[in-house]
Amino acid sequence: MMAMTHESGMRRRDAAASRQALLDAAAELFGTRGYRETTLREIGERAGVDAALIARYFGNKEGIYLAVLGAEASQAPPREMASIEAVATRLVTKVDLHGVGPITQALFQGGGEPEIQQQAVAHLQRRFIVPLTEAMRERGLDHPELRA
């Protein structure tokens with residue numbers, strides 16, 4: 001766990017910071033290496049904490065992966081999703097700046113875990129398809145769900 005110095009000079013553990021460090025490290029590793037190629041040890045090392053904490057906070061590898069997907073899914077959909085061009089530009093820019101990312105990795109590699117792939121599909125639906133559908137509906141286009 002990450003330790004912080006308390007006023008008394010004693011170190012106290014910061015569970016929230018350790019958990020967030022694990023999530024950040026896992027998001028980066030899963031996004032660049034994929035689910036199958038990422039190990040719990042690597043996540044712990046990247047986070048600067050004991051990898052055993054993954055079991056404590058997330059249960060197992062699938063648990064931390066789903067937590068990473070959930071963290072991304074909880075972000076509000078971007079407002080600039082009014083057109084297919086905007087969606088494509090946003091996706092290409094994100095990949096250029098940050099790599100493929102855990103959502104895309106889940107869609108294409110998923111590690112064979114159906115729940116992981118279902119979470120990724122639900123995330124993409126919320127983040128891209130729903131806003132694009134709403135924008136098309138507002139513009140009066142026929143069959144916006146199909147187009148999106």
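All values derive from a computational prediction rather than experimental measurement.
No donor-acceptor pair closer than 3.5 Å links the side chain of K61 to the backbone N or O of I54. Panel note: side chain R147, backbone D142; a donor-acceptor pair is recorded below 3.5 Å. At distances below 3.5 Å, not a single donor-acceptor pair connects side-chain atoms of D50 with backbone N or O atoms of L53.
Using a 4.5 Å heavy-atom threshold, the side chains of F58 and L23 count as touching.
Counting all heavy atoms, side chain and backbone alike, A25 lies closest to A47 at CB-N, 3.7 Å. A26 and I64 get closest at one heavy-atom pair: CB-CD1, 3.7 Å. Minimum heavy-atom separation, P144 to T133: CB-O, 3.6 Å. V49 and S18 get closest at one heavy-atom pair: CG1-OG, 4.0 Å.
One finds the CG atom of L29 at 6.0 Å from the CD1 atom of I43 (value rounded to the nearest 0.5 Å). Taken from CG in L40 to CD in E45, the straight-line distance is 11.5 Å, to the nearest 0.5 Å.
Considering only residues two or more places apart in sequence or on other chains, E42 meets the salt bridge (Lys or Arg N to Asp or Glu O under 4.0 Å) condition with R33. With sequence neighbours excluded, the residues that form a side chain to side chain donor-acceptor pair (under 3.5 Å) with Q20 are D24. For R137, the side chain to side chain donor-acceptor pair (under 3.5 Å) partners two or more places apart in sequence, or in a different chain, are E145. R46 meets the side chain to side chain donor-acceptor pair (under 3.5 Å) test with E28; sequence neighbours excluded.
Using cut-offs of 30° and 60° for the angle between ring planes, the F30 and Y35 rings count as parallel.
Under the 4.5 Å side-chain contact rule for hydrophobic residues, M136 and V130 do not share a cluster.
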